[in-house]
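Each residue takes its place number in the sequence, starting with 1.
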Amino acid sequence: MNHFKHPLGLAGCVAALLMLLPTSPQAQTSSVSGFMTLSYSLSNNSSRYLRSIDDGGTFRSGSIVGVQLDSKFSNTLSSTIQVAAFESDRKDHATRADFKWAILNYRPSSAWLLRGGKMRNNLVLDAQNLDIGATYTPARLPPEIYFSTNLLEYYGGSLTHYFDITRRVEGSLEVFGGRTDTYIRTLGNNSSNAFFINVPLNLVGLNVKAEADKYAAQFNLSEYKNANNSSMDFRVQVKTIGLRGPVGPVMGRIEFFKADYPDQSNGPKSQSGAVIVEKTLGKLTPYTTLAYSKEESGLQNGQQRKNRSVALGAAYSLETLSKLKAELKHIKTGEDSALFDNAPPYLDTNVMTLSFSKIF
């Protein structure tokens with residue numbers, strides 16, 4: 001039984017852990033912050049992109065509002081709880097409110113960090129701050145890479161060791177494990193009605209990261225396996241690489257994602273990648289993104305799902321914690337694309353996104 005399936009159950013477990021600790025559960029210090037992104041997207045095509053974007057326009061995709069409580073109970077013990085309302089990942093045309101974070105942190109020294117609760121896997125560079133649009137430049141991080149929080153969020157624990165690689169480079173090694181309550185969206189051919197199947201997955205993995213000033217490099221290896229006792233043996237290994245830092249006068253980022261199914265001789269294979277280049281000019285930061293995704297069924301003459309996109313956009317800092325963003329993206333697909341609903345083969349379309357993000 002998954003005891004963390006209900007958010008209230010998760011919050012209760014975190015509270016119970018605090019009561020059992022030898023230190024007082026009364027927080028020495030606490031702070032409350034909020035965040036929001038209001039996003040509007042419009043496509044020039046009737047085929048829905050990212051579940052809800054079409055030629056009718058929508059505010060649903062990418063919009064989110066949330067609040068976060070950070071508490072410090074002692075020099076070694078703290079917690080983070082974040083609740084948000086966002087586009088449901090379990091039902092179309094719906095909004096869902098849930099815990100995004102519910103973490104208990106224990107840091108006995110600067111070299112070690114132990115965490116438990118509802119957490120997020122660092123599959124991508126912006127996994128930890130993905131919901132807080134004011135912390136990054138693009139109006140929409142490339143969905144070819146940032147495609148599903150289902151695989152990012154999990155219930156479990158992690159142990160991180162921090163160390164110095166050189167005098168200027170800090171490294172970290174994290175091992176983690178738990179369970180993710182994944183919902184897989186399925187859409188029938190020529191159908192506008194989608195249904196969601198709950199597939200709980202056990203997760204184990206490691207994350208290696210090196211940081212120096214504005215530079216960062218990350219490697220993540222994660223394995224997801226079917227948590228239900230059934231005849232279907234589902235196991236997928238995911239490898240990701242992320243690099244970020246200044247390149248001459250611009251800031252650059254490269255991310256790569258690959259998934260394999262080692263137990264299936266003819267299992268599907270997927271890979272995706274993205275490049276983001278941006279240049280800050282005072283309060284204005286223009287940027288461009290290039291991204292692709294490819295999924296092969298593994299069967300002879302099997303259909304390939306492909307997606308390529310290029311975007312031009314800009315973010316304008318109204319103040320330190322607020323950004324106004326605009327983006328125009330051009331997208332081309334192959335025979336099919338995982339990012340569109342029942343799109344005709346070799347679709348060629350444009351998507352405009354306007355957004356306002358704020359931390360308060």
**Q** If you take all heavy atoms of A210 and I165, which pair is closest and at what distance?
**A**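 Shortest heavy-atom contact: CB-CD1, 3.8 Å.
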
**Q** Between E319 and K358, does any side-chain N to carboxylate O distance fall below 4.0 Å?
**A** yes

**Q** Verify the distance criterion only: is there a donor paired with an acceptor across the side chains of D126 and Q128 at less than 3.5 Å?
**A**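 Q128 and D126 do not have a side-chain donor-acceptor pair below 3.5 Å.
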
**Q** Say whether Q28 and S74, considering side chains only, have a donor N or O and an acceptor N or O under 3.5 Å apart.
**A**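 Result is no, nothing qualifies.
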
**Q** Establish, for the pair K100 and F86, whether the NZ or CZ atom is under 6.0 angstrom from the six-membered ring centre and no further than 45 degrees off its axis.
**A** yes

**Q** So for atom NZ, which belongs to K332, do other residues, nucleotides or ligands contribute more than 12 heavy atoms lying within a distance under 6.0 Å?
**A**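 At most 12 heavy atoms, drawn from other residues, nucleotides or ligands, come within 6.0 Å of this atom.
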
**Q** Strictly distance-based, threshold 3.5 Å: is any side-chain N or O of Y287 a donor or acceptor partner for the main-chain N or O of A139?
**A**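 Yes, because the side chain of Y287 sits within donor-acceptor range (under 3.5 Å) of the backbone of A139.
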
**Q** Donor-acceptor check, side chain of S41 to backbone of I53, threshold 3.5 angstrom: yes or no?
**A** no

**Q** Side-chain heavy atoms nearer than 4.5 Å, only ILVMFWY residues, links allowed to pass through others: does that put V199 and L123 together?
**A** yes

**Q** Answer yes when D341 and R51 have at least one side-chain N-carboxylate O distance shorter than 4.0 Å, and no when they do not.
**A**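 No, this pair does not count.
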
**Q** Is it the case that the side chain of H161 and the backbone of A111 share a donor-acceptor pair, with hydrogens and angles ignored and the cut-off at 3.5 Å?
**A**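 Yes: the side chain of H161 pairs with the backbone of A111.
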
**Q** Classify the ring geometry between F176 and Y154 as parallel (under 30°), tilted (30 to 60°) or perpendicular (over 60°).
**A**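 It falls in the tilted class, 30° to 60°.
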
**Q** Indicate yes or no: does K325 engage E327 in a salt bridge with an N to O separation below 4.0 Å.
**A**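 Salt bridge: no.
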
**Q** Any chance CG of D164 has more than 12 other-residue heavy atoms, nucleotides or ligands included, within less than 6.0 Å?
**A** yes

**Q** Search all heavy atoms of R305 against all heavy atoms of A338 and return the closest pair with its distance.
**A**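 So the two residues come closest at NH2-CA, 3.4 Å.
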
**Q** Run the salt-bridge test on D181 and K118 with the 4.0 Å N-O cut-off and return the result as yes or no.
**A**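 No, D181 and K118 are not salt-bridged.
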
**Q** Decide whether T137 and E278 meet the rule of one side-chain donor and one side-chain acceptor closer than 3.5 Å.
**A** yes

**Q** Under 3.5 Å, is there a donor-acceptor pair between the T80 and D70 side chains?
**A** yes

**Q** Between D260 and P262 (side chain of the first, backbone of the second, donor and acceptor by atom type, cut-off under 3.5 Å), is there such a pair?
**A** no

**Q** Dump the intermediate steps for ring pair (Phe, Tyr, Trp, His ring centres under 6.0 Å) on Y40 and F59, then the final yes or no.
**A** CA-CA 4 Å; Y40 176 79; F59 282 96; 4.9 Å; yes

**Q** I want to know whether Y49 and F340 have ring centres closer than 6.0 Å.
**A** yes

**Q** Look at D348 together with R308 and state whether they make a salt bridge at an N to O cut-off of under 4.0 Å.
**A**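 R308 and D348: not salt-bridged.
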
**Q** So do the side chains of E170 and K209 get within less than 4.5 Å of each other, counting heavy atoms only?
**A**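 Not in contact.
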
**Q** Hydrogens and angles aside, do R140 and S355 bring a side-chain donor and acceptor to less than 3.5 Å of each other?
**A**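 Their side chains do not contain a donor-acceptor pair, so the 3.5 Å distance test is not met.
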
**Q** Using atom types as modelled and distance alone, determine if a side-chain donor or acceptor of T349 lies under 3.5 Å from a backbone N or O of I331.
**A** no

**Q** Does one side chain, of T37 or S39, offer a donor that lies under 3.5 Å from an acceptor on the other?
**A** no

**Q** Is the shortest side-chain N to carboxylate O distance from R185 to D92 below 4.0 Å?
**A** yes

**Q** Measure from NZ or CZ of R107 to the centre of the six-membered ring of Y162, then state whether that distance is under 6.0 Å and the direction lies within 45° of the axis.
**A**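 Geometry flag: set, cation within 6.0 Å and 45°.
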
**Q** I'd like to know if R115 pairs up with E174 as an ion pair, taking the criterion as any Lys NZ or Arg NE/NH1/NH2 lying under 4.0 Å from an Asp or Glu carboxylate oxygen.
**A** yes

**Q** Do D55 and R48 sit within salt-bridge range, that is, some charged N less than 4.0 Å from a carboxylate O?
**A** no

**Q** Under a 3.5 Å threshold, yes or no: a donor from one side chain and an acceptor from the other, between Y146 and E255?
**A**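 E255 and Y146 do have a side-chain donor-acceptor pair below 3.5 Å.
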
**Q** One thing to verify: whether R120 and E153 come together as a salt bridge, which I'm taking to mean a side-chain N less than 4.0 angstrom from a carboxylate O.
**A** yes

**Q** Could you tell me whether a side-chain N or O of Y346 sits under 3.5 Å from a main-chain N or O of E335, the two making a donor and an acceptor?
**A** no

**Q** Donor-acceptor pair, distance only, cut-off 3.5 Å: does the side chain of N45 make one with the backbone of S47?
**A**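 Indeed, once roles are kept as given, a pair shorter than 3.5 Å links the two residues.
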
**Q** For the side chain of Q218 and the backbone of N122, is there at least one donor-acceptor N/O pair under 3.5 Å apart?
**A** yes

**Q** Are L130 and L151 connected, step by step, through hydrophobic side chains (Ile, Leu, Val, Met, Phe, Trp, Tyr) whose heavy atoms are closer than 4.5 Å?
**A** yes

**Q** Within the side chain of T135, is there an N or O that forms a donor-acceptor pair under 3.5 Å with the backbone of I132?
**A** yes

**Q** Judged by atom type as modelled, is there a donor-acceptor pair below 3.5 Å linking the side chain of S272 to the main-chain atoms of E144?
**A**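 Checked: pair present.
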
